[in-house]
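Presented below is the structure to which this report refers.
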Amino acid sequence: MKKRRAIFIGDVRFDQCPVFELNSETNYFEMIIDKEFRYLKEVVEEDDDFLVFEIEKDMATLIKQ
């Protein structure tokens with residue numbers, strides 16, 4: 001099963017980097033550890049400060065830089 005995940009580039013400065021996963025039912029990228037923190041899919045995909053990956057099995061492929 002494929003998943004689409006994103007990270008905000010600026011967060012890599014900190015000790016922990018939140019990961020957002022696309023919820024295809026709501027069309028939001030939701031923070032995995034706190035689902036109330038979320039961004040519209042279009043916002044993430046259009047923002048150059050997000051890296052978006054496709055995850056399948058144990059492989060992560062960068063799809064938007």
Side-chain angles (χ1 to χ4, degrees):
M1 177 177 166
K2 292 183 184 179
K3 298 177 184 177
R4 188 162 291 193
R5 291 187 173 173
I7 59 171
F8 182 72
I9 293 170
D11 286 339
V12 299
R13 297 172 291 151
F14 304 106
D15 292 340
Q16 295 184 4
C17 183
V19 176
F20 295 83
E21 186 169 293
L22 179 62
N23 179 332
S24 58
E25 292 178 14
T26 64
N27 228 22
Y28 278 91
F29 275 91
E30 301 170 339
M31 185 185 296
I32 292 175
I33 61 172
D34 183 358
K35 301 227 184 288
E36 291 188 26
F37 201 7
R38 61 190 188 160
Y39 297 98
L40 276 169
K41 178 183 179 220
E42 294 79 19
V43 170
V44 171
E45 291 178 344
E46 294 173 9
D47 190 331
D48 291 337
D49 290 329
F50 275 96
L51 298 177
V52 180
F53 299 86
E54 188 168 89
I55 311 297
E56 187 171 19
K57 298 181 183 175
D58 288 338
M59 298 290 296
T61 304
L62 181 64
I63 59 172
K64 187 210 109 187
Q65 185 171 4

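All values below were derived from every heavy atom in this structure, side-chain atoms included, with hydrogens, water molecules and symmetry-related copies excluded.
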- prompt: Where do Ile55 and Lys57 come nearest, in terms of heavy atoms and distance?
  reply: CG2-O, 4.1 Å

- request: To the nearest 0.5 Å, tell me how far Ile63 CD1 sits from Leu51 CG.
  value: 11.0 Å

query: Who passes salt bridge (Lys or Arg N to Asp or Glu O under 4.0 Å) against Glu21, sequence neighbours left out?
result: Arg5

message: Minimum heavy-atom separation for Val44 and Val52, please, with both atom names.
response: CG1-CG2, 3.9 Å

Chi angles and distances behind the ring-ring contact (aromatic ring centres under 6.0 Å, His included) call for Phe8, Tyr39: CA-CA 11 Å; Phe8 182 72; Tyr39 297 98; 7.7 Å; no

- request: Answer with yes or no whether the hydrophobic clustering places Ile33 together with Phe50; edges join I, L, V, M, F, W, Y residues whose side-chain heavy atoms lie under 4.5 Å apart.
  value: yes

Do any side-chain atoms of residues 9-20 form donor-acceptor pairs under 3.5 angstrom with protein atoms, and if so which ones, sequence neighbours left out?
residue: Arg13; atom: NE; partner: Gly10; partner atom: O; Å: 2.7
residue: Arg13; atom: NH2; partner: Gly10; partner atom: O; Å: 3.3

task: Could you tell me the separation between the CG atom of Leu22 and the NZ atom of Lys2, rounded to the nearest 0.5 Å?
output: 13.5 Å

- request: Check whether any side-chain heavy atom of Lys41 lies under 4.5 Å from a side-chain heavy atom of Phe29, and answer yes or no.
  value: yes

query: Do Asn23 and Arg38 touch side chain to side chain, with heavy atoms closer than 4.5 Å?
result: no

